[in-house]
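Note that this is a predicted model, so its numbers are computed, not measured. Residue numbers count from 1 along this sequence.
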Amino acid sequence: LYAPMMDASPSVSKCPNCYTFIWINNLESIESVKEGEHASRLKSLNLLDCMEAIDGEEYGSVQDEKYLRVKAWWLFNDYLRESKHQESELDKRDDVIKDFYKSNLLRLKQILNLDNVNEKIQLAEVCRNLCEFESCMKIINELPANLDWLVQKITAACEVKNSFVIKLR
C-alpha cells in the first residue's frame, strides 16, 4: 500500500485466530509487554478484508466507515497502479470487485466532508474515478489558490477523460 497520508499503525485489524475485526481505539489495555519480550504486530487490512468489513458493516461510526472505504479505495488504486492495468483489462476483472469499487466510491461521495480541504480533494478524485469529470472540475475549481499545482494535474486528467490513478506528487 503506497499511502503516505495513511497512519503508520492501522486503526483496524483482523485477528489472525478468530478473524474478528478489531478497532484499535476500542481496545482496553490489559497488560504491557516487558522489555525483551516480543509482541505480535497488528497487520493492515488488505482489499478483500476491507470489502468484508464494509459489507459486514464492521464499523461503529461514519468516521470508521470512511476510514475503511478510503483504505479500500487506495488499495484498489494501488492494485491498478502496481499492475498498470488499462480499462480493457479492468473490464475482464471479477464483477464482484468492480461492483464493490463503484458502490464504495458512490458511498464515499455521500460521506466525504466538503468543509475539509483534504476530503474535498478526495471527493474530486472519487468523481474523476467515476468518470464524473464535470463534477470533479467543479470541486477542484473551489480549492484554495495554494493548490493550483493540484488543480492543474487533475484538470489535465479530466480534459483527456482519464478516470484512472494519476500521480499527484
K.L.:
Is S13 reaching over with its side chain to a backbone N or O of K43, donor-acceptor style, under 3.5 angstrom?
P.N.:
yes

K.L.:
Is any side-chain heavy atom of V165 closer than 4.5 Å to a side-chain heavy atom of F76?
P.N.:
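Heavy-atom side-chain distance check fails, nothing below 4.5 Å.
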
K.L.:
Is the closest side-chain heavy-atom distance between I54 and E65 below 4.5 Å?
P.N.:
no

K.L.:
Should L147 and I140 be marked as a side chain to side chain contact (heavy atoms under 4.5 Å, CB included) after you check the CA-CA gap, both sets of side-chain angles, and the distance that decides it?
P.N.:
CA-CA 9 Å; L147 295 173; I140 63 166; over 6 Å; no

K.L.:
Mind checking the CG-CD1 spacing from L123 to I139? Nearest 0.5 Å is all I need.
P.N.:
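Going from CG on L123 over to CD1 on I139, the span is 3.5 Å.
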
K.L.:
Can you measure from CG (L45) to NZ (K14) and round to the nearest 0.5 angstrom?
P.N.:
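The CG atom of L45 sits 8.0 Å away from the NZ atom of K14.
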
K.L.:
Between R128 and N162, is there a donor-acceptor pair closer than 3.5 Å when you use the side chain of the first and the backbone of the second?
P.N.:
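Yes, because the side chain of R128 sits within donor-acceptor range (under 3.5 Å) of the backbone of N162.
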
K.L.:
Any salt bridge (charged side-chain N to carboxylate O under 4.0 Å, His left out) pairs touching residues 130-139, not counting sequence neighbours?
P.N.:
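For residues 130-139, and leaving out neighbouring residues, the salt bridge (charged side-chain N to carboxylate O under 4.0 Å, His left out) pairs sorted by first residue read K109-E132.
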
K.L.:
What's the verdict on side chain to side chain contact (heavy atoms under 4.5 Å, CB included) for V160 and F133, showing C-alpha distance, side-chain angles and the deciding distance?
P.N.:
CA-CA 10 Å; V160 295; F133 302 109; over 6 Å; no

K.L.:
Distance from D64 atom CG to E57 atom CD, nearest 0.5 Å?
P.N.:
12.5 Å

K.L.:
Identify the heavy atoms of A124 and C136 that sit nearest to each other, and give their distance.
P.N.:
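Of all heavy-atom pairs spanning A124 and C136, the closest is O-SG, 3.2 Å.
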
K.L.:
If we ignore hydrogens and angles and just use 3.5 Å, is the side chain of W149 paired with the main-chain N or O of R169 as donor and acceptor?
P.N.:
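No, W149 side chain to R169 backbone: no donor-acceptor pair under 3.5 Å.
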
K.L.:
Could you check whether any side-chain heavy atom of W23 comes within less than 4.5 Å of a side-chain heavy atom of Y59, counting everything from C-beta outward?
P.N.:
yes

K.L.:
State, to 0.1 Å, how close L68 and A53 come at their nearest heavy-atom pair, and which atoms those are.
P.N.:
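For L68 versus A53, the nearest heavy atoms are CD1-CB, 3.9 Å.
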
K.L.:
Measure the CG-CG distance between D99 and N104 for me, rounded to the nearest 0.5 Å.
P.N.:
12.0 Å

K.L.:
Working to the nearest 0.5 Å, report the span between NZ of K167 and NZ of K153.
P.N.:
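Reported value, rounded in 0.5 Å steps: 7.5 Å.
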
K.L.:
Side-chain contact, heavy-atom cut-off 4.5 Å: E125 with Q122?
P.N.:
no

K.L.:
What distance separates N129 CG from W73 CH2, expressed to the nearest 0.5 Å?
P.N.:
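If we round to the nearest 0.5 Å, N129:CG and W73:CH2 are 6.0 Å apart.
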
